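Reviewing the structure listed below.
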There are 2 protein chains.
Amino acid sequence: MMRKAVTLQQVADAAGVSLNTASRAIRADRYVSDEARARVQEAAERLQYRPNVLARRMRGDKARLLGIFVNAIGWGVVHELVDHISEEARRLDFDLVVFSAQNFHDRRRIGTSDLLADLCDGLLMLLPNREDKILDVLERERGNCVLVSFAAREIGLPVVSVDNRAGGRTATEHLLGLGHRRIAFIHGSHATGQSTERQKGYVDALEAAGIAPDPALMVLGNFNPVETRAATTDLLDLAEPPTAIFAANDGMALTVLEVLRARGLAVPADISVIGFDDMPLASYAQPPLTTLRQPSHDIAVRAVHRLLAMIDGEPFDPARELIAAELVVRASTGPLRRN
Amino acid sequence: MMRKAVTLQQVADAAGVSLNTASRAIRADRYVSDEARARVQEAAERLQYRPNVLARRMRGDKARLLGIFVNAIGWGVVHELVDHISEEARRLDFDLVVFSAQNFHDRRRIGTSDLLADLCDGLLMLLPNREDKILDVLERERGNCVLVSFAAREIGLPVVSVDNRAGGRTATEHLLGLGHRRIAFIHGSHATGQSTERQKGYVDALEAAGIAPDPALMVLGNFNPVETRAATTDLLDLAEPPTAIFAANDGMALTVLEVLRARGLAVPADISVIGFDDMPLASYAQPPLTTLRQPSHDIAVRAVHRLLAMIDGEPFDPARELIAAELVVRASTGPLRRN
DNA sequence: CTGAAAGCGCTAACAC
DNA sequence: GTGTTAGCGCTTTCAG
């Protein structure tokens, strides 16, 4: 505990009133005489009394507090989301605490997860992992909880997410429109379902264009540089290498660019690259990266609003809400070079 | 409140034991018969009981929970610090919650600040503002609290920070060593004291080199692009413009680079630029930015350790602890071109 | 208007 | 071993 405990009782004693007259005075309740109120407030001031919020909360008061759970990984997009959610929550006079952990169901962590669940009026889960057991608990209890950018499986909880599948399709169609036919896809992990959905969009676009998806062109980068480098190398070493690469996120796309540069390939003259997310670094890349921009602001606003609706007691509505990503064309994609 | 409240009492009833036997069984206390324990655990499982952490906490249990307060602004360096602190805390089996607000003493916010102060075993304040009233409270109460990168004023609380003054001096000496004599300094706000200290180091180096600091070369960028652009323009329009610019952080240095490029000036041939922080973007800048790297990891580790020492009841020690920043030479600085 | 008492959910003394 | 009791600090009936 942080503070030296000055309790309301002590204030009451100092002011010569009963405990609950003090309570009334502090809370500016109406049923107190001006004189008593003055004495209590003076005593509170002098003793530097601060109410114990835990105690209040345990009595069931609203805290006007929202919790965000984030996986320690993936601070890329997450950071923007947190900022926007924070802003929107504050606008609506809610505070926000962020809890960051690798796995919320870790034996060690469970205490804090529960604590926050107890403490907060509602929870926002950012990019939770499909294995996170806390999702089962939340689903079962139908707590006030909204999932953000979760697509790993069907779940009986409200979800707000970028439309990954449509985005994946848009990215691929952009490449198709430039004349590319051999388009590779580098996927990340399946933990949140983001990459998986983007891949579905990629396949959608290919099939709509009458191109059979080639398994050799779908490789695993796993959202990390090491595997992405290896995957890119494999792709380039193919008998018939791709003329364009769609990486499931910008981080991997940047790594692809790096490998390409190392092999002396020109982008987009020799090969085109497109990412997903539009992270801050994207526009600084060499060349600036074409990508799909996450509608972080809209996602955040919608997620907060739906959470508040639940808190306000509106009927439980586990609908999935998808928000479109915007294609941002920069210099890393270009027309297929005919030989 | 998030959960449907299943209390320990209900579990006890269901198991046909007393409240307190149930408590013992749940906590794996030794003084319970195996049979009672089994019955209680079965009941708890069936009812999906989860202990109310608030209640436990109110009784005074340790939460093994640390709180980080960050100002919503300045997510640049802050984000790295949060990551490292989080990692170190977890290594030591502490959880972490992050509270992000513009001003912690805002009437509206005070509830949450207090709540977290009650809840957490200790608090880490990241780059707090000098005006934050919560600092006065913390100082007065001598709570378990460590300030990170605060240099705005003397304060009776432990502080861990990068050595801004030495860093500012190193940056300036680097420029001096390249032959520069007219070196400008773009400072940020005085809110946290970071910029102010870096400026002191700049002046230190200049004076040590026998150069009188020129007020015309010290301009305000205020950590934002708009004012930084204006400041840079002013500098370049001087009768005798600087040959090198030291920006108090990388963000401003990047803006400087942008203005220089727009004016057709070559970096570092025409003018050198150095920043501070070594944010991720720094190495991607055009040209890659020479800067001072924040020892985020060391700062985080030291801050956590000092906080834990306080929590463990070691004597209060409000010493300031400074950690050196490392000069990272990239391509934005070069020798003075003689005309 | 004010005070006494109950109780939020839990754990730690103290009996049995 | 197990149950009973007394709080943690606060708000809220319910009587005065």
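The chains referred to below are lettered A, B, ... by the order of the sequence lines, with proteins before strands, and numbering in each begins at 1. Just so it is clear, the model here is predicted, and its values are computed rather than measured.
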**Request:** With the side chain counted from C-beta on, respond yes when A:D132 and A:F69 share a heavy-atom pair under 4.5 Å apart, and no when they do not.
**Result:** no
**Message:** Show, in sequence, the C-alpha distance, side-chain angles and deciding distance for B:E87 and B:R91, and conclude whether the salt bridge (Lys or Arg N to Asp or Glu O under 4.0 Å) test is met.
**Reply:** CA-CA 6 Å; B:E87 196 179 305; B:R91 210 174 61 74; over 6 Å; no
**Item:** Per A:S33 side chain, nearest of listed nucleotides D:dC10, C:dG3, C:dT2
**Value:** C:dT2
**Item:** Test item: B:D121 side-chain N/O and B:L65 main-chain N/O as donor-acceptor pair under 3.5 Å
**Value:** yes
**Protein-nucleotide distance (A:R57, atom CZ; D:dG9, atom C1'), rounded to Å** = 16 Å
**Asked** NA contact type, B:R56, heavy-atom cut-off 4.0 Å: base, sugar-phosphate, or nothing?
**Response** sugar-phosphate
**Asked** Closer than 4.0 Å, any side-chain N/O of A:S18 to the OP1 or OP2 of C:dT2?
**Response** no
**Asked** OP1 or OP2 of D:dG9 less than 4.0 angstrom from a side-chain nitrogen or oxygen of A:T7, does that happen here?
**Response** no
**Asked** Within the structure, does a side-chain N or O atom of B:S23 lie under 4.0 Å from either OP1 or OP2 of C:dT11?
**Response** yes
**Prompt:** Are A:D34 and A:R37 ion-paired here, with the side-chain N under 4.0 Å from a carboxylate O?
**Reply:** yes
**Complete:** Judged by nearest nucleotide, the residue sitting upstream toward the 5' end of DNA chain D, B:G16 or B:R59, is B:G16
**Message:** Whole angstroms only, please: what is the CG-P distance between A:L47 and D:dG9?
**Reply:** 14 Å
**Request:** Assess whether side-chain contact (heavy atoms from CB on, under 4.5 Å) is satisfied between A:S149 and A:T192, documenting all intermediate values.
**Result:** CA-CA 8 Å; A:S149 292; A:T192 69; over 6 Å; no
**Item:** Nearest-nucleotide pick for A:V32, side chain only, options being D:dT12, D:dC8, C:dT2
**Value:** C:dT2
**Request:** Starting from P on C:dC10, measure out to CZ on B:R27 and report it in whole angstrom.
**Result:** 11 Å
**Request:** Carefully, step by step, assess B:R130 and B:T196 under the rule side-chain contact (heavy atoms from CB on, under 4.5 Å).
**Result:** CA-CA 12 Å; B:R130 65 187 318 153; B:T196 318; 5.8 Å; no
**Prompt:** Looking at side-chain heavy atoms only, is the closest gap between B:R24 and B:V17 below 4.5 Å?
**Reply:** no
**Complete:** Heavy-atom nearest nucleotide on DNA chain D taken for B:A55 and for B:D34; more 5' hit belongs to B:D34
**Asked** Taking C-beta and beyond as the side chain, do A:I85 and A:L126 meet within less than 4.5 Å on heavy atoms?
**Response** yes
**Message:** Is it true that B:E88 and B:H305 share a donor-acceptor pair across their side chains at a distance under 3.5 Å?
**Reply:** yes
**Angle between terminal axes - the helix from C:dC1-D:dG16 to C:dC16-D:dG1, 5 pairs each end, rounded to 10°** = 50°
**Request:** Report the distance from atom CG of B:L19 to atom C1' of D:dA6, rounded to the nearest whole Å.
**Result:** 12 Å
**Item:** Between P of D:dG7 and CG of A:L54, the distance in whole Å
**Value:** 20 Å
**Fill in**
Between CE of A:M58 and P of C:dT11 the distance, given in whole Å, is 12 Å
Please produce a list of atom pairs where a protein N or O lies less than 3.5 Å from an N or O of nucleotides 13-15 of chain D.
none

**Request:** Grab the CD1-C1' distance between B:I26 and C:dA12 for me, whole Å please.
**Result:** 17 Å
**Request:** Take the protein atom CD of A:Q9 and the nucleotide atom P of D:dC8, then report the distance between them rounded to whole Å.
**Result:** 10 Å
**Request:** For the residue pair B:H79 and A:H79, categorise the inter-ring angle as parallel (less than 30°), tilted (30 to 60°) or perpendicular (more than 60°).
**Result:** tilted
